[in-house]
Amino acid sequence: QGDYSKALEYYLKALKIFEELGNKNRIAAALGNIGLVFCHQADQQQSPDKVGRNSLYNKALEYYGKSMKIREAIQDKEGIAYSLNNIGYIYYEQREFEKALDHHKKSLKIREELQDKRGIAESLNNIGMVYENMERSEDALQYHRKSLKIREEIADKRGLANSLNLIAAILLRKGQLGEAFLLADKSLQTAKELGYPQNIGIAAGTLKEIYQKQNKYKEAFTMLELEMRMRDSVTNEQTKKLSLKKQFQYEYERRTAADSVKNAEQQKVKNAQLQAQQAQLGQEKTQRYALYGGLFLVIAFAGFVFNRFKITQKQKGIIEKQK
């Protein structure tokens, strides 16, 4: 839903409970999810501020690292492979390709030991993308073809559409238009079966470039229209997410404001109660002083009367003796 602050709030609450329980497996999972939130925030960063984006990626790296350290301690191999893959992705986005390659290859090795075919295909794909950005197209092709083969075996259609298009794009740059067309077209048909606008748009973009190279401008224009339509569809989906995010933000702020007013009213009541208590205590104190003062006057008056009585008795005795 794109409500990253709320997601982070709940993951942190979960993390605290798992730490109290001492459940290391769950602690590692929560740390990994917190890293994922920061990673998504960086991916969605629209601002040209690279420093801010890198700051989010570095925060994601910090949590991925903490998660992996725990997974290593409890020997959770599947979790370690997942963490390595995530860290590799961050380094790829930061264009630290050697580090990205190192982490993806380590992840691949563990996934091969576990015979996790979907994970193996993912790691092979990621290694191919790193090599592609390092301008090592032959190495990239080798890994993408391996990934494609596994994805065909396990019928991972979305992964299949992605691998087909990645290979087609490399072949297009190498000038191998025939094979590039076949793969890009297959990628498009697979994406259409799934109904994923983003994959359809990417495949259409590759086919557009192939048709342009072949001077088939009518077909190229058709693919351009499809690409733009799918891009609008993706943008609309993102707009929906943004609208939903703004709605959540509005609801959150409204609720916060209401809570703030409620708290202010409660505070007023508490202050009034406190003032009333203080006034009552002051009144009781005054009453006590008045009581003590009155008691003192009574005692003093009693002493005065007793003293006058003694004097009167003494004078009476003297008069009687004189008589």
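This one's a predicted model, so the numbers in the text were calculated from it and none came from an experiment.
In this structure the side chain of Lys66 never reaches within 4.5 angstrom of the side chain of Ile34, judged on heavy atoms. Tyr91 has its side chain within reach of Leu61: a pair of non-hydrogen atoms, C-beta onward, lies under 4.5 Å apart. Side-chain atoms of Lys99 and His104, non-hydrogen and from C-beta on, never get closer than 4.5 Å to each other. Taking the side chain as every heavy atom from C-beta outward, Gln198 and Met230 never approach each other to under 4.5 Å. The shortest side-chain heavy-atom distance between Ile127 and Lys105 falls under the 4.5 Å cut-off. For the pair Lys174 and Ser137, the minimum side-chain heavy-atom distance is below 4.5 Å. Counting heavy atoms from C-beta outward, Ser187 and Thr206 have side chains that stay 4.5 Å or more apart. For the pair Asn165/Leu183, no side-chain contact is recorded, criterion being any heavy-atom separation below 4.5 Å from C-beta on.
Seen from the ring of Phe221, Lys218 does not count as a face-on cation partner, given the 6.0 Å and 45° thresholds.
When Glu225, Glu219, Glu227 are each tested for a side-chain hydrogen bond (donor to acceptor under 3.5 Å, both in side chains) with Lys208, only one passes: Glu227.
Heavy-atom minimum distance, Glu132 versus Leu166: OE1-CD2, 4.2 Å. Closest heavy-atom contact between Ala184 and Ala203: O-CB, 4.1 Å. The two residues Tyr57 and Cys39 come nearest to each other via the heavy atoms CE2-O, 4.0 Å. Pairing each heavy atom of Val130 with each of Ala100, the nearest pair is CG2-CB, 4.1 Å.
Between the side chain of Asn125 and the main chain of Ala121, no donor-acceptor pair closer than 3.5 Å is present. Not a single donor-acceptor pair under 3.5 Å links the side chain of Ser67 to the backbone N or O of Tyr63. Under the 3.5 Å distance criterion, the side-chain polar atoms of Thr190 are matched with a main-chain donor or acceptor of Lys186. Judged purely by atom type and a 3.5 angstrom limit, Asn133 uses its side chain to pair as donor or acceptor with the backbone of Met129. In this structure, the side chain of Arg151 does not engage the main chain of Asp156 through any donor-acceptor pair within 3.5 Å.
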**Request:** Output, in order, the C-alpha distance, side-chain angles, deciding distance and verdict of salt bridge (charged side-chain N to carboxylate O under 4.0 Å, His left out) for Glu179 and Arg145.
**Result:** CA-CA 13 Å; Glu179 189 182 356; Arg145 288 190 189 280; 3.2 Å; yes

**Request:** Go through the steps for Glu9 and Lys13 under the test salt bridge (charged side-chain N to carboxylate O under 4.0 Å, His left out), then give the verdict.
**Result:** CA-CA 6 Å; Glu9 178 190 337; Lys13 284 180 180 179; 3.2 Å; yes

**Item:** Full working for salt bridge (charged side-chain N to carboxylate O under 4.0 Å, His left out) between Lys109 and Glu113
**Value:** CA-CA 6 Å; Lys109 187 179 178 183; Glu113 289 172 8; 5.0 Å; no

**Asked** Can you list the steps and then say if Glu19 with Arg26 is a salt bridge (charged side-chain N to carboxylate O under 4.0 Å, His left out)?
**Response** CA-CA 9 Å; Glu19 285 175 337; Arg26 295 292 188 180; over 6 Å; no

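Between the CG atom of Leu182 and the CD1 atom of Ile167 there is a distance of 12.5 Å, given to the nearest 0.5 Å. In this structure, CG in Asn85 is found 4.5 Å from OG in Ser107, a value given to the nearest 0.5 Å. Here CG of Asn25 is found 6.0 Å from CG of Asn23. Values are rounded to the nearest 0.5 Å. Between the CZ atom in Arg231 and the CD1 atom in Ile200 there is a gap of 14.5 Å [rounded to 0.5 Å]. To the nearest 0.5 Å, the span separating CZ on Arg173 from CD on Glu209 amounts to 8.5 Å.
Under the side-chain contact (heavy atoms from CB on, under 4.5 Å) criterion, Gln214 pairs with Leu177, Ile210, Tyr211, Lys216, not counting sequence neighbours.
Hydrophobic cluster membership is shared by Met223 and Phe181, with clusters built from Ile, Leu, Val, Met, Phe, Trp and Tyr side chains linked at under 4.5 angstrom. Residues Tyr143 and Ile170 do not share a hydrophobic cluster, defined by chaining ILVMFWY side chains whose heavy atoms lie under 4.5 Å apart. Under the 4.5 Å side-chain heavy-atom criterion for grouping Ile, Leu, Val, Met, Phe, Trp and Tyr, Tyr92 is not connected to Leu36 through any hydrophobic cluster. With hydrophobic clusters built from ILVMFWY side chains whose heavy atoms lie under 4.5 angstrom apart, Leu8 shares a cluster with Ile27. Leu31 is not connected to Ile90 by any chain of hydrophobic side-chain contacts under 4.5 Å among Ile, Leu, Val, Met, Phe, Trp and Tyr, and they are in different clusters.
Atom CE of Met134 is surrounded by more than 12 heavy atoms from other residues, nucleotides or ligands within 6.0 Å. Heavy atoms from other residues, nucleotides or ligands lying under 6.0 Å from CD of Glu135 number 12 at most. Counting non-hydrogen atoms of other residues, nucleotides and ligands closer than 6.0 Å to CD of Glu78 gives a total of 12 or fewer. Summarising the local packing, CD of Gln115 is surrounded by 12 or fewer heavy atoms from other residues, nucleotides or ligands at distances under 6.0 Å.
Ionic pairing of Arg111 and Glu122 is present here: one or more N-O contacts between side-chain nitrogen and carboxylate oxygen are shorter than 4.0 angstrom. Arg136 has a carboxylate O that lies under 4.0 Å from a charged side-chain N of Asp139, or vice versa, which qualifies the two as a salt bridge.
In this structure, a donor-acceptor pair under 3.5 Å is absent between the side chains of Asn162 and Asn199. Side chains of Tyr89 and Asp43: a donor-acceptor N/O pair is present below 3.5 angstrom, by distance only. For the 3.5 Å distance criterion, the side chains of Arg71 and Ser83 qualify, holding a donor opposite an acceptor.
Ring geometry for His40 versus Tyr4: interplanar angle under 30°, hence parallel rather than tilted (30 to 60°).
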